[in-house]
Every structure is written in structure tokens, then in C-alpha cells.
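In this text, all values refer to a predicted model and were calculated from it rather than measured experimentally. Lettering of chains follows the sequences in order, A, B, ..., and the numbering in each one begins at 1.
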Amino acid sequence: MATRDAPTPAIEILEDSDEITLAELSRTCRIHAEWVVELVEEGVVEPLPSGRSQWRFSSASIVRVQKAQRLHRDLGLNMPGVALALQLLDRIEELEAHLRARSQTPPPEDAE
Amino acid sequence: MEYKDYYKILGVERSATQDEIKRAYRKLARTYHPDVSKEADAETKFKEAGEAYEVLKDPEKRAAYDELGANWQQGQDFRAPPNWDAGFEFRGGGYTEADPSQFSDFFDSLFGGARGGRSGQFTGAREFHAQGQDHHAKVVIDLQDAFDGAKRTITLRAPEVDDEGHVIVKDRTLSVTIPKGVREGQHIRLAGQGSPGMGRGKAGDLYLEVRFAPDPLYRVEGKDVYLDLPVAPWEAALGASVKTPTPTGPVMLKIPPGTTQGRTMRLKGRGIPGSPAGDMHAVIKIVLPPADNEKAKELYQQMEREMPFDPRAGLGV
């Protein structure tokens with residue numbers, strides 16, 4: 001196996017506040033814009049509220065769209081299935097983080 | 001090389017029907033898909049199941065595989081005999097949407113020829129262009145790194161296609177700067193750092209998901225940081241000014257008199273940096289001095305005698 005070092009690459013933090021266009025989102029995720037439209041219709045991603053007629057998305061949408069793609073492709077989920085799966089996965093993540101963050105109680109001991 | 005028992009991987013009998021095989025695969029796929037499962041080996045299990053299904057779902061391949069494995073025994077080293085597939089016709093263009101470069105050496109030794117990716121056939125007479133695949137990886141940082149920023153070196157192993165059309169695995173190291181204020185679950189995109197493209201195709205992207213390693217003191221939820229703050233009973237009852245650690249240095253925290261167990265004191269802006277910054281929450285934990293000597297026991301007994309106190313008054317017993 002060969003090893004080669006790459007220089008420090010330019011990085012982009014995917015933030016909720018950075019905006020990208022529908023075209024940029026489609027291109028980055030390598031999908032048709034129509035598919036993004038379907039995801040919007042299902043509520044998987046939402047365009048940022050703006051007065052503009054053209055949709056703008058947060059750059060954080062990129063990973064969400066990619067996850068939706070993988071679930072669709074790998075598990076054969078249809079669009080409503082993808083939407084539900086993402087919602088439930090979010091909720092699980094939230095609950096797990098909440099559990100981790102709140103106080104750690106020691107395991108129960110038998111009293112009687 | 002190691003023989004792969006595809007029936008075992010899917011958890012079915014060798015006599016399983018095609019329906020049973022499909023059901024078994026689907027259950028495993030749902031369970032171990034890397035977006036669904038957090039287990040460390042989820043991706044491996046998912047890919048293994050996929051490879052097993054790829055072979056067993058196709059009656060032709062399944063028959064070929066069965067014939068081959070009939071005489072193999074657990075633990076034996078495996079080598080496919082030459083011309084082993086003589087007498088079986090492989091129809092069809094190869095694989096559905098499965099990505100053959102993801103399959104094991106074992107699979108390649110049986111079915112690789114059908115892929116047409118072997119050296120003789122990939123002479124470059126026909127140019128092949130494709131964009132490289134995106135990569136997803138996790139990068140684990142310490143909580144302190146979210147406050148200070150950090151440089152991390154990550155090593156990726158990625159399959160590449162060399163000039164002769166062979167798929168080889170290469171190791172790459174990258175130096176990534178983690179900026180201050182990064183949150184758990186956030187993604188960092190490094191354009192062009194995924195798999196290289198083929199022909200004139202451009203390279204894919206690399207996505208890193210940020211996760212925090214467990215911290216000895218603090219727990220993180222989103223932008224906020226939680227700390228269990230132990231206090232003595234007299235500090236809680238009478239109030240006190242208590243030196244409290246925070247990720248950005250200790251502070252004096254005022255505990256009001258009559259503080260009860262579990263009370264949470266919020267230190268605004270002392271969570272993960274950002275605009276707005278998160279908060280730190282100090283969760284009060286009243287800790288009892290141990291009654292492990294005569295003097296201590298005496299003091300407790302004195303409290304019992306002289307402080308009328310029924311903690312269970314509200315329980316109706």
C-alpha cells in the first residue's frame with residue numbers, strides 16, 4: 001500500500017447559516033434538482049425563508065440530502081419512508097445526547 | 001484466502017428459499033446500515049450482508065457458489081479451482097447497482113471475471129471517465145478542541161483505480177484544522193478530498209462528522225456543557241461561594257441558601273463558543289460527608305436529635 005501526504009486542504013464547515021442555491025445543492029450531492037424538489041415537498045429539507053423567488057438552502061442541507069439518498073438507494077425507502085426515517089433518527093440522536101448530558105445516576109441496586 | 005459462508009452471514013439455512021434470503025438480507029440491511037446503526041462494525045456487516053445477498057439472490061450465482069462450497073469445511077483455506085465455473089453461464093451485464101469494488105477478495109476470486117475489470121480487458125482502448133466517490137468519516141475531538149480549535153491528522157484508506165485498471169487501496173493522511181466553536185454532529189466538507197476520479201472525472205468530496213470524545217468532567221448537548229457540581233450539605237443549606245471549573249477557567253459560583261439536590265445553575269455564555277455561545281449548566285449534587293469516625297457519627301446523631309426533619313412526610317406512610 002502506498003502512502004502519500006496531502007497538504008492541509010481548504011475546509012468548509014457546513015453551517016446552518018450559510019446559503020447555497022438549489023443548483024449548488026444538486027451539483028454537490030450529484031442529483032437532479034427534481035429530486036431535491038421532492039425532498040422539499042416531503043419536508044426532508046426546507047429552503048431558507050427569504051423573499052427571493054429562487055430557493056436558498058443552508059449548507060448543512062448537503063449532508064441531510066446525502067443521507068436521504070443513501071437511505072433511498074441502500075434500503076429501498078420511498079420518499080415518505082425516507083422522511084420518517086430521518087425524523088426518527090434525529091429524535092434518537094437528540095434523546096441519546098440528552099441522556100448523556102444529564103446527570104449520570106449509578107446503576108440500581110437490589111434493596112430487598 | 002478465507003472462504004465466506006454467505007448463508008451464515010445472512011443467518012439462513014443452505015436450503016433457504018429465495019424469499020427467505022431476501023427477507024434475511026433486508027432485515028440485516030436495515031439493522032446495520034451505517035446511517036442507522038452506531039455500532040463500530042456496522043459498515044462492515046452491512047457490506048458483508050450486501051455481498052452475500054448479491055450472490056445468493058441470483059439463482060445462477062447461488063448454484064455456482066453452492067457447488068463450489070459443497071466440499072469445503074470450516075477452517076480450510078480456500079482456492080477456487082481453475083475453470084470452476086465451466087458449465088455455468090453468467091448472463092446479464094454483471095451487477096445491479098452493487099459496487100463491485102466494495103466486495104471481498106473471495107467474491108472477486110469467484111465472480112471477478114464477469115466484471116471485466118481484470119487487467120487484460122481494461123487496456124484503456126476505451127476511455128472511462130467518472131467522478132470519484134465521496135467519502136464520509138468521523139473525526140473525534142476533545143471538548144477542549146471546540147474551545148481552542150485543533151489540528152487533526154486523519155488517515156484514510158481509499159480504493160483507487162491505477163493505470164492498468166486494477167483497484168488498489170491507498171492510505172492518505174490529511175491535516176485538518178478544526179475551528180473553534182464546532183459542535184457535535186456538525187460536518188466539515190473538504191472538496192476534492194474524496195476518491196480521485198477516473199479519466200477526466202474530478203475527485204469526490206470528503207465529509208467529516210465531528211464527534212466529541214467523552215470528557216472526564218463535562219458532558220455536551222448541542223452547544224451547552226453540563227457539569228455535576230458536588231456541594232456539602234451546609235453549602236447547600238446555608239448558601240456558599242464555590243470555586244467551579246469551566247472549560248474556559250474556574251469561576252466563583254454563588255450557591256443560594258436552601259439549594260436542593262439537582263438544582264441547575266446556568267452560566268451564560270460558558271458553553272461552546274459561537275454567536276451566540278452555548279451555556280454551561282452546573283448541576284448541584286449534594287454529597288454527604290461519610291460517617292466513618294466517631295466524631296462524624298456523633299455530629300450526625302446530634303443533627304438527628306436536634307433538627308426535627310421528616311423527609312418522607314409527603315409520602316403518606
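- Identified under the salt bridge (charged side-chain N to carboxylate O under 4.0 Å, His left out) test for residues 23-41 of chain B, with sequence neighbours left out: Arg70(A)-Asp35(B), Glu93(A)-Lys38(B), Glu96(A)-Lys38(B), Glu39(B)-Lys45(B), Asp41(B)-Lys45(B).
- Taking both residues in full, the closest heavy atoms of Arg219(B) and Ala101(A) are given as NE-O, 2.6 Å, listed atom of the first, atom of the second, then distance.
- Each of Asp134(B), Val220(B), Val36(B) has some count of heavy-atom pairs under 4.5 Å with chain A, and the biggest count is that of Asp134(B).
- No more than 12 heavy atoms of other residues, nucleotides or ligands lie within 6.0 Å of CD in Gln87(A), so this atom counts as exposed by the packing criterion.
- Only the side chain of Phe46(B) comes within contact range of chain A, with at least one heavy atom under 4.5 Å from a heavy atom of that chain.
- For residues 64-102 of chain A, every residue pair satisfying the ring pair (Phe, Tyr, Trp, His ring centres under 6.0 Å) rule, not counting sequence neighbours, is listed here: Trp35(A)-His72(A).
- Heavy atoms of His33(B) lying under 4.5 Å from chain A belong exclusively to its side chain.
- Considering all non-hydrogen atoms of both residues, Thr28(A) and Asp205(B) come closest at CG2-OD2, 4.2 Å.
- Neither the backbone nor the side chain of Leu88(A) comes within less than 4.5 Å of any heavy atom of chain B.
- Smallest separation of non-hydrogen atoms from Asp74(A) and Tyr25(B): O-OH, 4.4 Å.
- When each of His281(B), Arg211(B), Glu184(B) is scored by its heavy-atom pairs under 4.5 Å with chain A, the top score falls to Arg211(B).
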